[in-house]
Amino acid sequence: MTEYPSRPGFLGTPRSRRDLLRATGALALGAAFAGPLAACAREEDAGPGGPAAPPTGAPEETFKEPTRKLSGELSILLWSHFVPSHDTWFDRFAKEWGDKVGVKVTVDHVDQAQIPTRIAAEIAAGQGHDLIQYIATLSQFEPSVLDMKDVTDEAVNRYGTQLELCRKSSFNPTTGRFYAYSPGWVPDPGNYRKSLWEPVGFPNGPSTWDELLQGGAEIKKSKGVQMGLGMSQEIDSNMVLRGLMWSFGASIQDENENVVINSPETIAALEYMAKLFKETMTNEVFSWNAASNNQGLVAGKMSYIVNSISAWRTAQGTNPDVADDVFFTPAMKGPVAQLAAQHVMYNWIVPKHAKNPDAAKEFLLHYTENFAAATYASKLYDFCAFADRTPNLDAWLANDPFGSKPADKLKLLSESTKWSTNIGHPGPANTAEGEVFNTFVIPNMFARVARGEQTPKESVEMAEAQIKAIFDKWRRQGLVGGQS
């Protein structure tokens, strides 16, 4: 591996890690970095998280000596996983690696909605965790983090080609820097109730946005059961509304990072969503947090949501009848494309204030080496960016080791890369796209139209002004391509 950058000096008055965690949890440092805080709920109640793992079948973990002598402490901050069994595995896994290499590892888990604000607070303080993970692109923090090119290059050297979806979600082509390391991701399929969709003529669920409207409206009219596509300031709304835009041929930027949101295609997507809301949903979708659609599905109160498999895994343990009735669809086909955003995009960053960047980067390679164990511990939630690291994934999806009925319910996810793309499509997940994402410009744009507060044209023009200001700001700093 190439030589790691040396650690910059600390800024500010040193505090204990506990004091820093307490303080940063209360800080909000502006929408440009962190965005408004979503409700601090996990995506679903921890509960049992679905059935227990079989007594055998977990991949064997391997260990390779680091490329250099390590010592000291390594502090890691990451989200509280939507499948709680993952965190039990990760905490043990990280500590055991630390014991073998002579590093004291501490792990802090927090709700995913708190992490961007926590990062901004630690950067402002000039101290905090050495290694931080988030579930969406962290491109907005590029000026304050180490270049992860050395880790990415070494991973590619060891494990083969990185999934382009993950590369475009961690690399800035304008600066040539990897603002994050992305070893994994999570698909975002549709989740539908077969017993509700079969009577309205869609036994295999909807396959197009038109079918979603047709079937969803009939289900709400005949059964009083709504759909769950959010238009709120939370991560799921951000994802599903981008997928809708792309399917209609709209996007925030083009492949050259020019702002192109003000288009007839965006207008058409807004008009469609307003109609879908009116005929299939209720006002609660405007105030949802990341847990709301999951909770509604598990409780049997939703006919369709766009989400990962975590809500269904929870239902396996808490409401098995609903779990057996939940099936999955690929991204909905639109007039132009069939695309969905990833549900989760793992971004690992090492802030410039990190005290032990060598250990942080060596741990990430160890984690990637054993990604099959992460996939298994997450009950097939986490997918790897390096296909060779999870050689049994397709077999697991075709015959779920965690008791799905039928056993091949997840098989369609084997082809999820065909209909999944990155935030920022058709361009990269650049710094400006990161800020647009974390300030919820897109959900707000859709909500104004669905509520009748603005016409589609007015709402697009307002969003365009906000987005252009964000792009221009980062473009002046040399972090975004395109033209003003």
Side-chain angles (χ1 to χ4, degrees), residues 30-35 115-116 119-120 123 132-149 151-153 162-183 185 235 238-239 241-243 245-246 250-263 266 339-342 344-352 385 420-445 463-484:
F33 279 150
I115 289 181
I119 295 171
I123 287 172
I132 303 174
Q133 179 213 61
Y134 187 48
I135 63 173
T137 178
L138 290 172
S139 53
Q140 69 271 32
F141 294 109
E142 181 177 343
S144 303
V145 301
L146 299 184
D147 188 352
M148 301 295 276
K149 183 180 187 301
V151 181
T152 304
D153 286 351
Q162 183 184 27
L163 182 67
E164 184 66 13
L165 169 63
C166 293
R167 185 178 179 86
K168 290 184 74 173
S169 299
S170 56
F171 176 69
N172 185 342
T174 300
T175 62
R177 297 179 77 249
F178 283 87
Y179 53 81
Y181 173 60
S182 181
W185 69 294
I235 194 167
N238 250 333
M239 298 299 188
L241 296 174
R242 280 168 169 77
M245 287 175 57
W246 298 327
S251 62
I252 294 171
Q253 64 177 1
D254 63 18
E255 61 184 3
N256 297 314
E257 301 177 271
N258 297 301
V259 176
V260 294
I261 192 168
N262 194 345
S263 68
T266 305
L339 288 172
Q342 79 284 335
V344 161
M345 175 54 61
Y346 287 117
N347 265 207
W348 290 86
I349 61 171
V350 178
K352 288 181 177 178
S420 300
T421 192
N422 62 285
I423 298 302
H425 174 85
N430 58 35
T431 318
E433 284 279 358
E435 182 173 339
V436 172
F437 187 92
N438 283 289
T439 52
F440 304 104
V441 175
I442 299 305
N444 292 341
M445 178 183 73
E464 180 187 37
Q466 294 169 330
I467 292 168
K468 280 190 171 181
I470 292 170
F471 270 72
D472 286 346
K473 178 185 72 176
W474 291 113
R475 196 172 282 127
R476 287 193 297 268
Q477 297 183 41
L479 295 171
V480 174
Q483 298 178 347
S484 300

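Note that the structure is a prediction, hence the values are computed from the model and not measured.
You'll find the side chain of Gln140 reaches within 4.5 Å of the side chain of Asn438, heavy atoms only. Residues Phe141 and Ile123 have side chains in contact (heavy-atom distance under 4.5 Å, counting atoms from C-beta outward). Counting heavy atoms from C-beta on, the side chains of Glu433 and Gln253 come closer than 4.5 Å. Taking 4.5 Å as the limit, every side-chain heavy atom of Leu479 sits out of range of all side-chain heavy atoms of Asn430. Under the 4.5 Å side-chain criterion, counting only non-hydrogen atoms from C-beta, Met345 is not in contact with Asn422. With a 4.5 Å cut-off on side-chain heavy atoms, Trp246 and Ser251 count as touching. Taking 4.5 Å as the limit, some side-chain heavy atom of Met445 sits within range of a side-chain heavy atom of Ile261. In this structure, the side chains of Gln342 and Ile423 come closer than 4.5 Å at one or more pairs of heavy atoms.
Applying the 6.0 Å contact sphere to CD of Gln477 captures more than 12 heavy atoms from other residues, nucleotides or ligands.
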Can you list the steps and then say if Glu142 with Asn172 is a side chain to side chain donor-acceptor pair (under 3.5 Å)? CA-CA 9 Å; Glu142 181 177 343; Asn172 185 342; 2.8 Å; yes

Taking it one step at a time, do Ile132 and Trp348 satisfy side-chain contact (heavy atoms from CB on, under 4.5 Å)? CA-CA 6 Å; Ile132 303 174; Trp348 290 86; over 6 Å; no

Check against side-chain contact (heavy atoms from CB on, under 4.5 Å), Met148 and Val350: CA-CA 8 Å; Met148 301 295 276; Val350 178; 3.8 Å; yes

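Summarising the geometry of Ser420 relative to Leu165, their closest heavy-atom pair is CB-CD2, 4.2 Å, with the distance given to 0.1 Å. Minimum interatomic distance between Asp254 and Asn256 (heavy atoms only, all atoms of both residues): OD1-N, 2.8 Å. Smallest separation of non-hydrogen atoms from Ala385 and Cys166: CB-SG, 3.6 Å. Scanning both residues, Ala180 and Thr152, for their nearest heavy atoms gives O-OG1, 4.4 Å. Considering every non-hydrogen atom in both Asn347 and Ala136, the closest pair reads CB-O, 3.6 Å. Between Gln483 and Asn258, the closest heavy-atom pair is N-OD1, 2.7 Å.
Look at Glu164 and Lys168 and you find no salt bridge, because none of the NZ, NE, NH1 or NH2 atoms lies under 4.0 Å from a carboxylate O. Salt bridge status for Asp472 with Lys468: absent, with no side-chain N to carboxylate O gap under 4.0 Å.
Under the 3.5 Å distance criterion, with hydrogens and angles disregarded, a donor-acceptor pair is assigned to the side chains of Thr174 and Glu257. A donor atom on one side chain and an acceptor atom on the other are found under 3.5 Å apart for Thr137 and Tyr179.
We find the CG-NE2 distance between Leu339 and His425 to be 5.0 Å, quoted to the nearest 0.5 Å. We find the OG-CZ distance between Ser139 and Arg177 to be 12.0 Å, quoted to the nearest 0.5 Å. Taking CG of Leu163 as the start and OG of Ser169 as the end, the distance is 9.0 Å to the nearest 0.5 Å. Rounded to the nearest 0.5 angstrom, Tyr134 OH and Ile119 CD1 are separated by 8.0 Å. Atom CG of Leu138 sits about 15.5 Å away from atom OH of Tyr181, to the nearest 0.5 Å.
The closest donor-acceptor contact from the side chain of Gln466 to the backbone of Thr439 lies at 3.5 Å or more, if one exists at all. Proximity of a side-chain donor or acceptor of Lys473 to a complementary backbone N or O of Ala432 within less than 3.5 Å is not detected.
Under the 6.0 Å distance and 45° angle rule, Arg167 counts as a cation-pi partner of Phe171.
Across Ile235, Ile442, Ile252, a single residue satisfies side-chain contact (heavy atoms from CB on, under 4.5 Å) together with Phe437, and that is Ile235.
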